[in-house]
Each structure stands twice: as C-alpha cells, then as structure tokens.
Amino acid sequence: MVRVTTPGVRLLPNAITVLALCAGLSSVQFALIGNYPMAIASIGIAAVLDSLDGRIARLLDATSKMGQELDSLSDGISFGVAPALVLYVWHAEGERIGWVASLIFAVCMILRLARFNTLIEDTEQPPYAGEFFVGVPAPAGGLLAMLPLILELQFGQGWWSHQYVVWVWTIAVAALLISRIPTLSLKTVKAPAKAIAPLLVGVGLLAAAIIQFPLVALAIALVLYLAHIPYSVYRQRWLAKHPEAWMAPPRERRAIRRSSSRRRLGLRPPLRRVVAGAAQRVRLQRGEQHVARAPRTLTDKDRENARGPRRRSWRRIGLRKR
C-alpha cells in the first residue's frame, strides 16, 4: 500500500522550523531592549522546536529536500547569528574584539551546519557513526555560548562575566562546533524497559527544576553536557575497535567490554582447584596449544591428604583418658 502525503501534512514540519527561526531572531530584539532572560528563553524555545521538526517530519513521512535546507538555514540564524548578536549587545561596548569574536562564532556555526549536510549524504560511514555527532551540535553550541550571560543573571558579576573571559569562551565554543570531537546523539539513546519508570520520574523532576529555577537548571545542564564529552570520545573509540558490539544487546556489549578490559590489563580467568585424581590444568602461554597431563597414580600419602587431616589421638600424644 502506497502512503500518500497531503500538502497540509508536509507543511507542518516546515511551519515548526519557521517558528524556531522566529524564536531565535526574537532573542536579538529582547537583547536590544535589555531583557536578557527572555533572550535566553527565546534561544531555548528555538532549540526545543528544532528538536521536534525533524522527528515530526519522519513520523508523518513528510521529509523533503526543502525541509532539510530550511532547517539548516534556521539553525544558522537561531543558534549562530542570534547568540553572537546577543553577546555583542550585552558585553561588546563597541570594541572591535567583541565584534571579531561574534563573527568567528557565527562563521563556525555556518561551517558546522554545512559539514553536517555533507555527512548526511556520506554512505561510507561505519554503522555506529549515527550514534554520534561530529562536533557540538548547533542548538547545544548556541546555548553554550550564552553560559556566561546565564551565570551573571543568576549569580551576579564575577570572573565569568569579565569581558575578555566572555570572548575567549565564545571562541572556544566556536572551536568545539567545527572540531571532530564526537558527541552523543540523543536520537539513538535507548532505555531498557526496567528504566522507563525512573526516567519518567527524572523527567518530572527536571521539569519542576526548570519551572522553579530555570537559569540554574539550564546552567547545570550545560555543564553536564560539557562533562559528557570525554565519555563520548571513549565510547566512539571503543566502538571503532569493536564494531561488532554496536548491534549486540546491552548484556552482550557489557561482556565484550569486560573481556576487552581483561586483555588490556593482562588478566586471566582464575584456574579451578585441582582435585586428586583429576587431570591437572596447565597454564598456557600465548600462542601455545592446550596440553593436558595424564592423571598420575595415587599414592598412600595422596589418599591420606584427600581424606583430610587426621584426628589427634590421646594415646599418641601420651595422655590418659579420664
């Protein structure tokens, strides 16, 4: 049966993309009037809408080439141009170095999106490549650039709000955007059935924290995102060495990880206890074949040792029984 997509259904994901674009541009208007909390909230809303349009397009079977191009242009403006202008309005004070840092951030964001579009059509990637982004994705990069502003709004002025610290941070985030560092993609994260209930409780607690303490929750989320990058690099390198573990169930993947860690540390599984009369196991060197010794004939001493220690007799030690 051929599924026909109506023009109205195809319009829905593109409409969400346009809304994300409008939310991102609105952050510049809020920054111009000095309403920085709403500027941060606008970029956050654009990030949420950006994560929904692609999923809705795939669910409704309404993906199109125009939608992909529109999504990339919207991300470039919402998470590249808008954060750069917000930071420039907030902390530039007309200095040239501030404008240079803003330009670097916007250009790196556009380059990151252009590379992302080329990697989509690359069919020579390994199967586990879909589990990672190459570099920091656009929504995360746009929010990471706003971290100094978030900290100042929550905790007041400090070293994090110093002018040169802000511009160095902006350039550092721009470098993460165009880097080859792998970062985890939440699209491929799967949770076991037993973890569904605790995860839903965690989502509820996260929603409550965002409602009550929005800036603190956002700052903690961004710091945790930065902290996950070393684990993501380790995971990508491990999957590159064990590509067969990508399609394996979680239990088998854990077994492969344990065996590889034993080989890396040079550990061997413990040998079983030798029982009298059984074949003795020979410790093998690497590359040697298994050799089994023939069972030797038991002597009287071996039989006594097998029966265990003798009970002491009072006659042998020279004592009299009372």
Please say yes or no: joined through hydrophobic side-chain contacts below 4.5 Å, possibly via intermediate residues, are [X] and [Y] part of one cluster?
| X | Y | value |
| --- | --- | --- |
| V48 | I210 | no |
| I77 | L32 | no |
| L226 | I181 | yes |
| L176 | I43 | yes |
| F213 | I40 | no |

Can you tell me how far apart [atom1] ([X]) and [atom2] ([Y]) are? Round to the nearest 0.5 Å.
| X | Y | atom1 | atom2 | value |
| --- | --- | --- | --- | --- |
| D50 | D75 | CG | CG | 4.0 Å |
| L49 | D71 | CG | CG | 11.0 Å |
| R55 | L60 | CZ | CG | 14.0 Å |
| L143 | I150 | CG | CD1 | 6.5 Å |
| Q29 | L85 | CD | CG | 13.0 Å |
| I97 | Q163 | CD1 | CD | 7.5 Å |

Can you check whether [Y]'s main-chain N or O pairs, donor with acceptor, with [X]'s side chain at less than 3.5 Å?
| X | Y | value |
| --- | --- | --- |
| H228 | Y225 | yes |
| S78 | A20 | yes |
| R112 | V136 | yes |
| S161 | Q157 | no |
| R115 | I178 | yes |
| S74 | L70 | no |
| S232 | P182 | yes |
| S26 | S42 | no |
| T17 | P13 | yes |

Shortest non-hydrogen contact between [X] and [Y], atoms and distance:
| X | Y | value |
| --- | --- | --- |
| S27 | V86 | O-CG2, 3.7 Å |
| G135 | T183 | O-OG1, 2.9 Å |
| A39 | A31 | CB-N, 4.2 Å |
| W167 | S102 | CZ3-OG, 3.8 Å |
| I45 | A23 | CG2-CB, 4.2 Å |
| G24 | A46 | N-CB, 4.0 Å |

Mind checking whether Y88 and W99 have parallel, tilted or perpendicular rings, split at 30° and 60°?
perpendicular
Begin with the C-alpha distance, continue with both residues' side-chain angles, and end with the deciding distance and a verdict on side-chain contact (heavy atoms from CB on, under 4.5 Å) for L177 and F105.
CA-CA 9 Å; L177 291 171; F105 181 81; 3.9 Å; yes
[Y] side chain reached by [X] side chain, heavy atoms, under 4.5 Å:
| X | Y | answer |
| --- | --- | --- |
| V18 | C22 | yes |
| P37 | L153 | yes |
| Y36 | V89 | yes |

Begin from the C-alpha positions of W90 and E152 and carry the test side-chain contact (heavy atoms from CB on, under 4.5 Å) through to its verdict.
CA-CA 11 Å; W90 168 52; E152 180 178 334; 2.6 Å; yes
My understanding is that only one of I171, V173, V166 makes a side-chain contact (heavy atoms from CB on, under 4.5 Å) with W169; could you say which?
V173
